[in-house]
Amino acid sequence: ASDWSSDVCSSDLSLTISQLQLSTSEQEQLKAVLLAELKQGHRLNNDEVAQYLDGLEYSPIDLNGDSIPEFVVQTSGNSSCSPTGNCPTWVVGRTGGTFKVILRQSIAQTITIQKLRSGGYHDVVLVMHGSATTQRLRVYRYSQGMYLRVGCYETDWDVIEGDDRRKLDEPRFSKCR
């Protein structure tokens, strides 16, 4: 059986930071952590940073069973997303009351939480759409305080046979090139 075949749930990113059950100071701490992530590797002016922060969507989900949610965070509605809907995505956790990014920015359209656990946390699969019939699945496992990518697979839902294209009933999987 493949790593991603039995998911717990798919994340539904639809909350703003003010809708999270966090105090004002916790919201500010979370924003500061994400601001540092956004500035890392990006040259953004203050207006662009404000746009990114305002465009973030959050999904609280308990990935380690401690009844304290981690947050899947994804940009939306700005130029950071591709035409196929792939957007920068992070997972932020809390350790001792301090927020910390535990899955660094990765481009994805959806995230699926797996039943399998590593290091006390559910494994996750980030799915990136390449086209209407292709996807890239990246498998992450928690180890040493972070999610680390442990696998990458491409799926195809159709094949070209001569001059004809045929839709497959099940996707064809291959390791990423």
K.L.:
Between the side chains of E37 and R104, is the shortest nitrogen-to-carboxylate-oxygen separation below 4.0 Å, so that they form an ion pair?
P.N.:
yes
K.L.:
Under 3.5 Å, which donor-acceptor pairs link side chains of residues 21-29 to any protein atom two or more places apart or in another chain?
P.N.:
residue	atom	partner	partner atom	Å
S23	OG	S25	OG	3.2
S23	OG	E26	N	3.1
S23	OG	E26	OE1	3.4
E26	OE1	S23	N	2.8
E26	OE2	R94	NH1	3.2
Q27	NE2	L22	O	3.4

K.L.:
Check E154 against R177 and note the closest heavy-atom contact, atom names and distance.
P.N.:
OE1-NH2, 3.4 Å
K.L.:
Kindly compute the distance separating CG (L34) from OG1 (T75), expressed to the nearest 0.5 Å.
P.N.:
11.0 Å
K.L.:
Heavy-atom distance under 4.5 Å between the side chains of I111 and V125, does that happen here?
P.N.:
no
K.L.:
Are I68 and V33 grouped together when hydrophobic residues (ILVMFWY) are joined by side-chain heavy atoms under 4.5 angstrom apart?
P.N.:
no
K.L.:
Side-chain heavy atoms nearer than 4.5 Å, only ILVMFWY residues, links allowed to pass through others: does that put L63 and M146 together?
P.N.:
no
K.L.:
Tell me whether L126 is reachable from M128 by hopping between hydrophobic residues (I, L, V, M, F, W, Y) whose side-chain heavy atoms are closer than 4.5 Å.
P.N.:
no
K.L.:
Is the shortest side-chain heavy-atom distance between I107 and P88 below 4.5 Å?
P.N.:
yes
K.L.:
Atom CD in Q74, atom SG in C87: separation rounded to 0.5 Å?
P.N.:
5.0 Å
K.L.:
If we only count heavy atoms from C-beta on, is the L30 to L20 side-chain gap below 4.5 Å?
P.N.:
yes
K.L.:
So do F71 and W90 actually touch side chain to side chain, heavy atoms under 4.5 Å?
P.N.:
no
K.L.:
Using side-chain heavy atoms (C-beta onward) and a distance below 4.5 Å, is V91 in contact with V124?
P.N.:
no
K.L.:
Go through T155 and L137 one step at a time and tell me if the side chain to side chain contact (heavy atoms under 4.5 Å, CB included) criterion holds.
P.N.:
CA-CA 8 Å; T155 64; L137 310 170; 3.8 Å; yes
K.L.:
Are I113 and I102 co-members of a hydrophobic cluster defined by side-chain heavy atoms under 4.5 Å apart?
P.N.:
yes
K.L.:
For the CZ atom of F173 and the CD atom of Q135, what is their distance to the nearest 0.5 Å?
P.N.:
8.0 Å
K.L.:
I need the minimum non-hydrogen distance between R141 and S118, along with the two atoms involved.
P.N.:
CD-OG, 3.1 Å
K.L.:
Classify the side-chain pair H129/Q109 by whether it contains a donor and acceptor separated by less than 3.5 Å.
P.N.:
yes
K.L.:
Would a 4.5 Å heavy-atom cut-off, applied to side chains only, mark P60 and E70 as touching?
P.N.:
no
K.L.:
Which pair of heavy atoms, one from D62 and one from S67, lies closest together, and at what distance?
P.N.:
OD2-N, 2.7 Å
K.L.:
Count I, L, V, M, F, W, Y as connected when their side-chain heavy atoms are under 4.5 Å apart, and connections chain through other members. Are Y58 and L35 then in the same cluster?
P.N.:
yes
K.L.:
Looking at every heavy atom in both V139 and Y153, which two are closest together, and how far apart are they?
P.N.:
CG2-CE1, 4.0 Å
K.L.:
Ignoring hydrogens and angles, tell me if any N or O in the side chain of K31 forms a donor-acceptor pair with the backbone of I17 under 3.5 Å.
P.N.:
no
K.L.:
With a 4.5 Å cut-off on side-chain heavy atoms, are L103 and V72 touching?
P.N.:
no
K.L.:
Y147: what forms a side chain to side chain donor-acceptor pair (under 3.5 Å) with it, not counting sequence neighbours?
P.N.:
none
K.L.:
Taking 4.0 angstrom as the limit, do K167 and D158 come out as a salt bridge?
P.N.:
no
K.L.:
Do K175 and C152 touch side chain to side chain, with heavy atoms closer than 4.5 Å?
P.N.:
no
K.L.:
Measure across Q19 and T16 and return the closest heavy-atom pair with its distance rounded to 0.1 Å.
P.N.:
OE1-N, 2.7 Å
